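These numbers come from a predicted model, not from an experiment. Atom set for the values below is all heavy atoms of this structure, side chains included, hydrogens, waters and symmetry mates excluded.
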Amino acid sequence: MKDRRKRGLLLLAWNRLFCFVIVLIFSFGFTFSTLRLVLRGTFHPQLVSSWRTPAMEAISGDSPSIYIRDIVLFPDQALIFLKYPRAAQLFTKDDIDCIYFSPNSSQTQLTLSPASIDGEYLDLQIVRCPLQPRGLSVSVSVKSDGYLPIGPTYRWDSLAYAAVIDRDNSTVVFVKGLHLRGGKVADPSRFECVYGWDFTRPKHLLRSQVLSIAQEIVRCKTPLSILSASQRANSSVKVSVRAIGRPVLSSMARPDHHLEPDPPARKQYHMCVCTMLRNQARFLREWVTYHARIGVQSWFIYDNNSDDEISDLIESLEGGNFNITRHVWPWIKTQEAGFAHCALRARDSCEWVGFIDVDEFLHLPLGLSLHDVLLNQSNEVGELRASCHSFGPSGLKRVPVKGVTVGYTCRVAAPERHKSIVRVEALNSTLINMVHHFHLMGGFKYVNVERNVLVINHYKYQVWEVFKEKFYRRVATYVSDWQAKKNVGSKDRTPGLGTRAVEPPDWSTRFCEVVDTGLRDRVLEMFNDPETGILPWQEQKDDQEDTDFVEQNSRRIKNVASVIL
């Protein structure tokens with residue numbers, strides 16, 4: 001009797017469990033494969049988003065499975081991330097309109113052309129739409145097929161936006177909205193990592209330990225079931241972070257499992273460079289060509305919302321046997337996070353990586369190569385710090401035709417800050433950096449390089465036509481908004497310029513305290529064609545006029561410097 005009663009109770013318990021699971025399946029949209037995995041002890045739920053099905057019905061024609069995966073609202077744009085089938089042809093700017101309508105209505109209130117379209121971000125196409133009027137929602141309309149219903153929409157100031165599974169199987173998450181102190185490690189016990197498919201259902205999320213947290217970078221202990229899920233094609237698992245006792249931050253960060261688990265015995269490249277840029281295509285050829293000559297072997301270009309056809313230029317440079325990779329990085333004012341992300345990507349192929357901007361040139365006054373300098377370092381050196389000399393407009397009022405290294409020859413006397421070349425295997429696991437340098441693991445040290453060995457020519461204050469672009473959404477984070485009257489003493493601001501993009505009358509003669517032609521002379525020696533006088537990055541037109549202009553400018557800048565000094 002007792003055995004029968006026990007079997008009866010056990011059967012009742014199993015019946016209740018079965019009914020509960022069936023209700024769970026129909027309530028939350030879990031697939032049968034999800035049920036099987038749950039019963040086997042691994043957690044791989046596949047939630048079917050309620051907004052995806054209407055997207056397939058709303059758009060007709062040859063592309064029924066294209067849908068909006070995410071929308072991120074920036075201060076001046078809405079970024080719409082389109083998901084495609086692998087074989088589908090990407091849209092062009094002429095194929096799409098940005099449409100705006102009231103949340104409770106399908107009637108279009110406004111139609112605008114997209115600011116730009118990019119199709120290279122994690123198999124997604126990014127449509128950048130102008131900021132919508134207050135109270136309206138934004139979507140896109142395919143001119144030949146119809147509209148795409150709105151996808152999940154997030155505010156940029158509070159969002160987990162990217163994630164990478166590192167070689168030790170931890171997840172590195174990049175998060176906006178934590179408001180942590182720059183350059184400081186926070187207490188990881190005050191936070192937790194959260195994995196799942198639908199962050200509106202907290203009971204169905206996996207929680208894990210925060211291993212380290214600093215700035216916008218969080219390193220999480222990755223659950224085994226998530227590791228398995230992230231290796232599957234088209235995995236939709238997401239990760240986010242929350243402070244204990246506070247809500248989970250919104251997330252569109254899906255862990256990208258592309259880093260090699262075991263480091264190669266020998267790196268492919270001895271010296272690489274990472275940079276983040278926006279609309280710098282016209283200066284890129286000179287920057288790459290010069291640095292290739294002095295020893296840079298590979299370039300990682302983080303493109304921060306350029307709309308100047310930079311992808312075409314990079315493609316042409318690749319055809320010229322320069323090893324360049326372009327990584328679309330749409331996240332504004334995240335240079336530290338972008339450099340940390342780049343360090344992870346470059347680590348498997350590069351021994352040393354320099355983190356510099358496109359207006360910064362590594363200069364070796366003694367005529368050495370970077371290879372010579374790096375080989376001279378002991379094994380405990382993890383970072384080289386080079387002083388930066390800031391150059392001014394040098395008397396110019398238009399972009400120098402022979403490039404920045406030849407055109408700008410007058411600078412501020414005292415160096416400003418420094419930039420670094422790091423041994424990437426020596427970086428601290430927190431990936432903390434201040435743009436100019438990283439934190440290193442224990443046992444490694446940094447050295448300040450003598451200026452006659454290595455210095456950086458920073459062409460910071462160029463002609464006004466170029467410099468004024470810095471007033472528009474800078475990639476750096478030190479001054480969040482140049483038009484805001486705060487942080488007025490920051491070195492990231494220009495002394496005496498203020499908060500408005502208005503050219504001072506004496507702009508062309510500012511920042512000229514020392515005439516420095518060292519890099520100009522070396523560039524002309526290395527690259528100048530003896531017959532034509534043309535440099536490799538120079539437009540081949542109006543050559544005599546260009547030569548005359550450079551000679552006249554050299555005389556002018558000497559006069560300017562003599563007056564100032």
Side-chain angles (χ1 to χ4, degrees), residues 182-185 214-215 217 269-276 287 290-291 294-300 302 335-340 342-344 346-347 350-391 411-460 475-478 490-492 514 516 518-519:
K184 302 292 183 181
V185 178
Q215 294 176 317
I217 307 167
Y269 306 110
H270 192 58
M271 175 65 191
C272 304
V273 164
C274 281
T275 194
M276 186 179 293
W287 187 76
Y290 166 77
H291 283 102
I294 66 170
V296 175
Q297 299 165 295
S298 183
W299 292 260
F300 295 83
Y302 273 53
Q335 194 171 17
E336 290 99 337
F339 277 3
C342 187
L344 289 173
R347 185 182 52 193
C350 304
E351 183 72 27
W352 294 86
V353 179
F355 293 86
I356 58 175
D357 297 332
V358 175
D359 61 354
E360 295 172 333
F361 286 72
L362 299 169
H363 176 33
L364 301 135
L366 295 178
L368 301 173
S369 70
L370 288 171
H371 186 71
D372 297 328
V373 175
L374 297 176
L375 281 182
N376 196 39
Q377 306 305 317
S378 61
N379 290 334
E380 64 267 20
V381 173
E383 181 177 62
L384 303 180
R385 296 183 179 180
S387 299
C388 296
H389 284 309
S390 296
F391 281 71
R411 61 172 173 82
V412 178
E416 293 183 350
R417 291 178 172 162
H418 60 264
K419 285 292 181 76
S420 298
I421 301 173
V422 303
R423 194 191 301 265
V424 282
E425 293 291 354
L427 295 183
N428 188 288
S429 63
T430 62
L431 298 174
I432 292 179
N433 68 90
M434 303 301 292
V435 175
H436 303 89
H437 60 263
F438 280 77
H439 286 199
L440 303 176
M441 288 192 299
F444 289 94
K445 66 179 182 180
Y446 72 85
V447 297
N448 294 312
V449 186
E450 295 293 333
R451 293 180 204 168
N452 65 340
V453 175
L454 176 65
V455 71
I456 293 176
N457 279 16
H458 184 187
Y459 299 101
K460 182 176 182 179
V475 299
T477 58
Y478 297 106
S490 169
K491 291 184 179 180
D492 204 42
V514 174
D516 183 345
L519 185 53

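Here the side chains of Thr275 and Glu360 are not in contact, with every heavy-atom distance at 4.5 Å or above. You'll find the side chain of Lys460 stays beyond 4.5 Å of the side chain of Val412, heavy atoms only. Residues Phe438 and Val424 have side chains not in contact (no heavy-atom distance under 4.5 Å, counting atoms from C-beta outward). Between Asn457 and Val455 there is a side-chain heavy-atom pair separated by less than 4.5 Å. You'll find the side chain of Ile421 stays beyond 4.5 Å of the side chain of Val353, heavy atoms only.
Atoms CG and CD, on Leu440 and Glu383 in that order, are 5.0 Å from each other to the nearest 0.5 Å. Considering CD of Glu416 and SG of Cys388, their distance stands at 8.5 Å, rounded to 0.5 Å. Atom NZ of Lys184 sits about 7.5 Å away from atom NE2 of His439, to the nearest 0.5 Å. Note that the CD1 atom of Ile294 and the CG atom of Leu454 stand 8.0 Å from one another [nearest 0.5 Å]. Distance check: His437 NE2 to Leu384 CG gives 14.0 Å after rounding to the nearest 0.5 Å. To the nearest 0.5 angstrom, Asp357 atom CG is 9.5 Å from Met276 atom CE.
Listed for the Asn376 side chain is no donor-acceptor partner under 3.5 Å among the backbone atoms of Val373. In this structure a side-chain-to-backbone donor-acceptor pair under 3.5 Å is present from Gln297 to His270.
Under the 30°/60° scheme for interplanar angles, the aromatic rings of His291 and Phe361 are found to lie parallel. His436 and His418 have perpendicular rings, their planes meeting at more than 60° on a 0 to 90° scale where under 30° would count as parallel. Aromatic ring orientation, Phe355 versus Phe339: tilted (interplanar angle from 30° to 60°).
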Verdict with supporting geometry, Ile432 and Glu336, side chain to side chain contact (heavy atoms under 4.5 Å, CB included)
CA-CA 8 Å; Ile432 292 179; Glu336 290 99 337; over 6 Å; no
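For Leu519 against Tyr459, the heavy-atom pair with the smallest separation is CD2-OH, 3.5 Å.
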Would you give me the side-chain donor-acceptor pairs under 3.5 Å for residues 444-453, sequence neighbours excluded?
none

